[in-house]
Protein chains: 2
Amino acid sequence: MGILESAVEVIGERGLCETRIADVARRAGASAALVLYYFDSKDRLLTEALTHAEDRFYLETFHELTGLERARDRLASLIDRSLPAGGSEVLGDWRLWFELWSRALRDPNVARKREALDRRWRTTIEDIVRDGQRSGEFDEVDPKDFALALASLIDGLAIQAILGDPEATPERVRRTCLEMVGRELGFEPAPSRPAKTGPVKVPAKEART
Amino acid sequence: MGILESAVEVIGERGLCETRIADVARRAGASAALVLYYFDSKDRLLTEALTHAEDRFYLETFHELTGLERARDRLASLIDRSLPAGGSEVLGDWRLWFELWSRALRDPNVARKREALDRRWRTTIEDIVRDGQRSGEFDEVDPKDFALALASLIDGLAIQAILGDPEATPERVRRTCLEMVGRELGFEPAPSRPAKTGPVKVPAKEART
DNA sequence: CTCGACATTGAATGGTGGTTCACATGGGCC
DNA sequence: GGCCCATGTGAACCACCATTCAATGTCGAG
């Protein structure tokens with residue numbers, strides 16, 4: 001496993017502040033000195049680890065969409081892959097977003113990267129909406145406004161779910177999102193359980209450690 | 001100024017990781033040893049500072065509402081006071097929320113406190129909705145569902161606004177919230193600029209430093 | 001084979017910063 | 001006045017880590 005991947009794991013477990021270079025090095029099976037050989041400072045290491053992880057998260061999710069036919073299914077899949085459902089592995093990614101946000105407040109590099117990631121994210125939503133509108137599936141709302149609203153709603157709900165708020169159960173959170181989408185775009189909220197049935201994919205990958 | 005208030009300020013400026021006991025002590029005009037005299041460890045200091053600040057934030061906002069007559073105005077005021085508009089001082093509070101979330105992932109005390117704060121927050125929204133429904137102002141939606149959705153939307157939008165995302169301008173973010181409220185509860189989105197007119201209150205307070 | 005560039009490390013180094021402690025100070029109270 | 005406790009401090013102490021460095025291993029090119 002690479003140094004960056006190790007850093008991502010450790011940050012997710014212990015948090016940004018508590019992450020020591022030695023921890024990352026041990027996880028990667030290397031010495032602390034080697035880590036500093038590639039990344040000149042701890043700051044750079046953490047910054048690159050954060051942006052690398054989120055980059056990977058976005059690409060994985062994005063790739064997942066290209067298979068679906070109907071726009072509404074792509075939107076539903078996006079939601080399912082973003083929200084922490086049972087046993088999902090997005091949990092670790094969301095933990096990193098917390099660290100990313102707080103670091104973006106002070107580190108211009110992280111701030112730039114976060115902005116790019118969020119823009120891409122909302123653009124993905126926008127594109128799906130435009131597709132759906134072209135094909136007559138969706139009502140005519142402003143795609144940009146809708147993307148901002150949906151992305152924000154997902155963020156807010158995910159925060160509660162990740163933090164284990166008892167009022168924000170995975171099903172409830174999921175339903176809230178789907179209802180908002182259906183209401184805004186003008187179609188029925190889809191069957192209540194379209195997840196679970198399809199192959200979940202990415203089951204292995206972080207198994208060892 | 002008290003030690004807790006000082007801690008809150010310093011955390012907001014430098015972030016949780018970079019906050020040193022000596023910084024807090026200097027800001028409070030005391031010695032580092034004294035800080036440890038009241039709060040036995042740095043951990044406890046940070047934890048109490050975070051929860052204290054958010055507590056205060058909630059109480060201020062809550063107090064603000066009792067003056068308004070119509071439920072829709074109370075809801076609008078809630079939104080205006082939550083979102084970072086021009087020159088507002090909620091900015092500092094949101095920065096603290098970032099730290100709170102990331103710490104709540106590992107610190108059970110912070111996790112408990114955060115849950116309580118968010119529950120109170122959503123309860124406030126619920127109560128306003130019930131009032132409005134009783135008086136016929138609002139449509140009949142499930143108050144709990146609505147509260148979770150609105151609170152989450154506000155969180156997500158505030159994150160973008162705080163981080164200075166160019167697509168999430170204060171006006172846009174505000175409009176997005178008000179439209180969602182109007183659409184869900186069934187009334188016109190209210191005049192476009194009810195802010196700015198009223199006295200903004202709390203102008204001083206963090207002036208010196 | 002030999003040279004040099006890269007990869008890698010164990011062991012210093014050095015600064016930082018949380019925590020401890022022995023010691024003031026200054027009232028309340030008998 | 002003398003005792004006690006709360007409040008407060010400066011100066012150590014000391015553990016912890018990021019960072020540096022000199023030294024070793026590796027391997028492909030000439």
Side-chain angles (χ1 to χ4, degrees), chain A residues 1-53 95-96 98-100 102-110 113 208-209, chain B residues 1-53 95-96 98-100 102-110 113 208-209:
Chain A
M1 182 174 24
I3 292 178
L4 275 182
E5 281 81 2
S6 306
V8 167
E9 282 190 17
V10 176
I11 293 172
E13 290 167 20
R14 302 166 94 97
L16 211 49
C17 332
E18 313 299 329
T19 296
R20 285 167 264 287
I21 289 190
D23 296 328
V24 176
R26 185 158 358 99
R27 179 75 52 105
S31 67
L34 189 65
V35 175
L36 268 301
Y37 174 76
Y38 287 113
F39 308 86
D40 309 305
S41 73
K42 185 188 184 179
D43 257 21
R44 195 125 63 214
L45 168 67
L46 297 183
T47 295
E48 297 214 12
L50 280 184
T51 57
H52 172 262
R95 287 171 157 236
L96 283 185
F98 291 173
E99 313 288 349
L100 190 78
S102 98
R103 187 157 250 255
L105 286 173
R106 286 120 196 157
D107 184 330
N109 290 317
V110 176
K113 192 72 183 208
R208 71 219 116 92
T209 282
Chain B
M1 182 173 24
I3 292 178
L4 276 182
E5 281 82 3
S6 306
V8 167
E9 282 190 17
V10 176
I11 293 173
E13 290 167 19
R14 302 168 94 98
L16 211 50
C17 332
E18 314 299 328
T19 295
R20 286 170 266 285
I21 289 189
D23 296 329
V24 176
R26 185 158 359 100
R27 179 77 51 106
S31 67
L34 188 65
V35 175
L36 269 300
Y37 173 77
Y38 288 113
F39 309 87
D40 309 306
S41 73
K42 185 189 184 179
D43 257 20
R44 194 124 64 215
L45 168 67
L46 297 183
T47 295
E48 298 215 13
L50 279 183
T51 57
H52 172 263
R95 286 171 158 238
L96 283 184
F98 291 173
E99 312 289 348
L100 190 79
S102 100
R103 186 155 250 255
L105 287 172
R106 286 118 197 159
D107 184 329
N109 289 318
V110 176
K113 191 72 184 211
R208 69 219 115 91
T209 283

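The sequence lines fix the lettering, A, B, ..., with proteins before strands; numbering per chain opens at 1.
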Participant: Please confirm whether the backbone N or O of Ser6(A) pairs with a side-chain atom of Arg27(A), one donor and one acceptor, at under 3.5 Å?
Facilitator: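 Absent.
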Participant: Find out whether Phe39(A) and Thr47(A) are in side-chain contact, i.e. whether some heavy atom of one side chain is under 4.5 Å from a heavy atom of the other.
Facilitator: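 Heavy-atom side-chain distance check fails, nothing below 4.5 Å.
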Participant: In whole Å, what is the span from the CG atom of Leu16(A) to the C1' atom of dC17(D)?
Facilitator: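 Distance, rounded to whole Å: 16 Å.
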Participant: Arg20(A) CZ to dA15(D) P: how many Å, rounded?
Facilitator: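 Answer to the nearest Å: 16 Å.
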Participant: What verdict does the side chain to side chain contact (heavy atoms under 4.5 Å, CB included) test give for Arg106(B) and Glu18(A), after you've listed the backbone C-alpha separation in whole Å, the side-chain angles of each residue and the deciding distance to 0.1 Å?
Facilitator: CA-CA 11 Å; Arg106(B) 286 118 197 159; Glu18(A) 313 299 329; over 6 Å; no
Participant: Ala33(A) has a side chain; which of dT20(D), dT9(D), dA18(D) sits nearest to it?
Facilitator: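 Selected nucleotide (nearest to the side chain): dT20(D).
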Participant: Identify which nucleotide among dT19(D), dG18(C), dT9(C) has an atom closest to any side-chain atom of Ala30(A), counting heavy atoms from C-beta outward.
Facilitator: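 Side chain of Ala30(A) sits closest to dT9(C).
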Participant: Could you give the CZ-to-P distance, from Phe39(A) to dC17(D), as a whole number of Å?
Facilitator: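 Between P of dC17(D) and CZ of Phe39(A): 20 Å.
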Participant: Would one find a side-chain N or O of Tyr37(A) under 4.0 angstrom from OP1 or OP2 of dA7(C)?
Facilitator: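 Looking at the OP1 and OP2 atoms of dA7(C), one of them is under 4.0 Å from a side-chain N or O of Tyr37(A).
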Participant: Expressed in angstrom and rounded to an integer, what is the separation of Asp40(B) atom CG from dC21(C) atom C1'?
Facilitator: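 It is 15 Å, rounded to the nearest whole Å.
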Participant: Closest to the Lys42(B) side chain: dT9(D), dT19(D), dT19(C)?
Facilitator: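 Side chain of Lys42(B) sits closest to dT19(C).
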Participant: How far does CG of Leu50(B) sit from CD1 of Ile11(B), to the nearest 0.5 angstrom?
Facilitator: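 Going from CG on Leu50(B) over to CD1 on Ile11(B), the span is 5.0 Å.
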Participant: Using a 4.0 Å heavy-atom cut-off, does Tyr38(A) contact any base of the nucleic acid, only the sugar-phosphate backbone, or nothing at all?
Facilitator: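 Here Tyr38(A) touches the backbone only, sparing every base.
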Participant: Would you call Arg103(B) and Asp43(B) a salt bridge, using N to O less than 4.0 angstrom?
Facilitator: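 Yes, charged N to carboxylate O under 4.0 Å.
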Participant: Quick one: Leu36(B) CG to dC21(C) C1', roughly how many Å, whole number?
Facilitator: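 Spelled out: CG on Leu36(B) to C1' on dC21(C) is 12 Å.
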Participant: Please work out if Leu34(A) contacts a base, only the sugar-phosphate, or nothing of the nucleic acid, heavy-atom cut-off 4.0 Å.
Facilitator: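 Since a base atom lies under 4.0 Å of Leu34(A), the category is base.
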Participant: Quick one: Arg26(B) CZ to dT9(D) P, roughly how many Å, whole number?
Facilitator: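 After rounding, the reported distance stands at 14 Å.
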Participant: So if I take every side-chain heavy atom of Ser41(B) and compare against dT19(C), dC17(D), dT9(D), which nucleotide ends up nearest?
Facilitator: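 My answer, after comparing the listed nucleotides, is dT19(C).
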Participant: When the distance from CG of Asp43(B) to C1' of dG17(C) is rounded to whole Å, what number comes out?
Facilitator: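 After rounding, the gap between these two atoms is 14 Å.
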